[in-house]
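Order of the sequence lines fixes the chain letters, A, B, ..., with proteins taken first and strands second; residue numbering starts at 1 for each chain. What you see is a predicted model, and the numbers here were worked out from it, not measured in a lab.
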Protein chains: 2
Amino acid sequence: MSSESLWSRTRRAAFAEIAEVAMELFLEKGFEATTIDDIAAAAGISRRSFFRYFGTKEDVVLGNLAGEGARAAAALAERPDDEPLWTALLNVVALIDEAPGERERLLKISEMMYGTPSLRARSLEKHLQWQADLLPEVKRRLPADPGDGLADLRAAAVVAGAIACLDAAGETWTRQKGAVPLRELLKVAFDSIGHAVG
Amino acid sequence: MSSESLWSRTRRAAFAEIAEVAMELFLEKGFEATTIDDIAAAAGISRRSFFRYFGTKEDVVLGNLAGEGARAAAALAERPDDEPLWTALLNVVALIDEAPGERERLLKISEMMYGTPSLRARSLEKHLQWQADLLPEVKRRLPADPGDGLADLRAAAVVAGAIACLDAAGETWTRQKGAVPLRELLKVAFDSIGHAVG
DNA sequence: TGTCTAATTGACACTCAGTGCCAGACGGTC
DNA sequence: GACCGTCTGGCACTGAGTGTCAATTAGACA
């Protein structure tokens, strides 16, 4: 007796299999050149069923990024309260590390993402979600609201700045084909803003 | 004899007229509920002709933002060289001011933009373009490259941070229905990052 | 004025993403 | 076996965006 029902187990298995088949096609023929029909045929399901697993074609590639914001927020909450906010944020985003064996594959996916407008757009929308997820904890760590009702804006600006660094570092990492570890690039990006405003 | 050929003048006139008709429909029935056929019918042109003026439906709303990046870059280049970079960037984005008579309309457009996923996504893509446009001038103003080849990343992080502030301020301005002038919100956003990293 | 030429246009057909609907298949339960 | 909820495939549909082509239009030039 599993903690998970058989229904959801088979569903998750199908989910993973469709995603894998689709990613293979994407990496082989390119994202835009691969149609939903191609994926459905390769996965042995109907066109209609594909959309029962993934809302959009982009979700196949970016679906796993959906929960990252909440995870990052949890990680931030566990940083010591006396750690400077900017440092804490750097430490949190730096948790996103290159999975050792997956580097080559991750690089190809990243190149595809930065090179495909619709994918890039979706990833930017994910950033907005991360921003919303991180907002409460960042607001909590910010100096007390002076009473002008702009605490949300202050927190949003800081989070957005951090995510902007993540994005810039990620793009550089991809363009340089992973030559420099992402962690170092993140530090450089965070420090740049630190120096520019200082 | 005009400096502009008659061809392009009539074309620009048609362009403006289609945009105006379309915007009216958008504000009346909503962006997503308005189809290209609606616009074409209202403007007295064919569906096909619409796409000769605008590449996408989103371009009708965001098309005028296309050149903002280049304008901002020019404005930044004219700021004194000894002005701190972060201050200079604030002064540049603060040029985007609410056109006095257009406040009500701009507010509605902004609400539509923040409330429509496809429009929001496109606007974020414009941000990337602005970032690319501003990059060279920001790179020029940054301390000399220490030789690690990461000058682009440093500049990108700073620009992205500034644009993130613009975005956060814009969203707050919209959500508060323009209660606080955008300029003030921008200053708050820029200062927040300044304090967070300091 | 008339003719040549190039840009513009509308119409048609097409691809592709995404959605609504419905009837049937399948697995688990009693 | 009958019952029930879920998943599935098939079908039709909307709506965005593109390629093509013949017809039209307006400017240029003689």
Show the atom names and distances, to 0.1 Å, of all donor-acceptor pairs under 3.5 Å that link a side chain in residues 147-154 of chain A to residues at least two apart or in another chain.
from   : atom 1 : to     : atom 2 : distance (Å)
A:D148 : OD1    : A:L150 : N      : 3.1
A:D148 : OD1    : A:R154 : NH2    : 2.9
A:D148 : OD2    : A:R154 : NH2    : 2.4
A:D152 : OD1    : A:K139 : NZ     : 2.9

For residues 185-196 of chain A, which side-chain N or O atoms pair as donor and acceptor with protein atoms under 3.5 Å away, sequence neighbours left out?
from   : atom 1 : to     : atom 2 : distance (Å)
A:K187 : NZ     : A:D191 : OD2    : 3.1
A:S192 : OG     : A:V188 : O      : 2.6
A:H195 : ND1    : A:D191 : O      : 3.3

Less than 3.5 Å apart, which donor and acceptor atoms pair up between the side chains of residues 99-106 of chain A and the rest of the protein, not counting sequence neighbours?
from   : atom 1 : to     : atom 2 : distance (Å)
A:R103 : NH1    : A:G178 : O      : 2.8

Residues 161-168 of chain A, side-chain donor-acceptor partners within the protein, below 3.5 Å, at least two apart:
from   : atom 1 : to     : atom 2 : distance (Å)
A:D167 : OD1    : A:R120 : NH1    : 3.2
A:D167 : OD1    : A:H127 : NE2    : 3.2
A:D167 : OD2    : A:R120 : NH2    : 3.0

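One end of the helix from C:dT1-D:dA30 to C:dC30-D:dG1 points its axis 10° away from the other end's axis, with each axis taken from 5 pairs and the angle rounded to 10°.
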For nucleotides 10-14 of chain C, tabulate all protein N/O to nucleotide N/O atom pairs closer than 3.5 Å, reporting atom names and distance.
from   : atom 1 : to    : atom 2 : distance (Å)
C:dG10 : OP2    : B:S46 : N      : 3.2
C:dG10 : OP2    : B:S46 : OG     : 3.0
C:dG10 : OP2    : B:S49 : OG     : 2.3
C:dG10 : N7     : B:R52 : NH1    : 3.2
C:dG10 : O6     : B:R52 : NH2    : 2.6

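Side-chain heavy atoms closer than 4.5 Å link hydrophobic residues (I, L, V, M, F, W, Y) into clusters, and following such links, even through other members, never connects B:L135 to B:W86. Cluster annotation: B:L142 is connected to B:L90 through the hydrophobic network of ILVMFWY side chains, with a link wherever side-chain heavy atoms come within less than 4.5 Å. With hydrophobic clusters built from ILVMFWY side chains whose heavy atoms lie under 4.5 angstrom apart, B:I96 shares a cluster with B:M112.
A:Y53 has its OH atom 18 Å from the C1' atom of C:dG18, to the nearest Å. Computed from coordinates, the B:K57 NZ to D:dG15 C1' distance equals 8 Å when rounded to whole Å. Whole-Å rounding puts the B:R11 CZ to D:dA26 P distance at 16 Å. The nearest whole Å value for the distance from the CG atom in A:D38 to the C1' atom in C:dA17 is 13 Å. What separates CD of B:E58 from C1' of D:dG17 is a distance of 11 Å, to the nearest Å. Distance, B:D37 CG to D:dA16 C1': 10 Å, rounded to whole Å.
For residues 138-166 of chain B, no residue pair satisfies the ring pair (Phe, Tyr, Trp, His ring centres under 6.0 Å) rule, not counting sequence neighbours. For residues 154-189 of chain A, no pair satisfies ring pair (Phe, Tyr, Trp, His ring centres under 6.0 Å), with sequence neighbours left out. Among residue pairs with one or both ends in residues 41-80 of chain B, those qualifying as ring pair (Phe, Tyr, Trp, His ring centres under 6.0 Å) are B:F15-B:F54, B:F50-B:F54; sequence neighbours excluded.
Residues of residues 14-35 of chain A that place a heavy atom closer than 4.0 Å to DNA chain C, in numerical order, are A:T34, A:T35. Residues from residues 110-122 of chain A lying near DNA chain D, meaning a heavy-atom separation below 4.0 Å, are absent.
Residues satisfying the salt bridge (Lys or Arg N to Asp or Glu O under 4.0 Å) test with A:E125, not counting sequence neighbours, are none.
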Using the salt bridge (charged side-chain N to carboxylate O under 4.0 Å, His left out) rule, take B:R71 and B:E68 through it: C-alpha gap first, then chi angles, then the decisive distance, then the call. CA-CA 5 Å; B:R71 271 189 287 278; B:E68 288 300 315; 2.9 Å; yes

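Residues B:D81 and B:R140 are paired through a salt bridge, judged by an N-O separation under 4.0 Å between the basic side chain and the carboxylate.
Counting non-hydrogen atoms under 4.0 angstrom, B:F54 reaches nothing in the nucleic acid.
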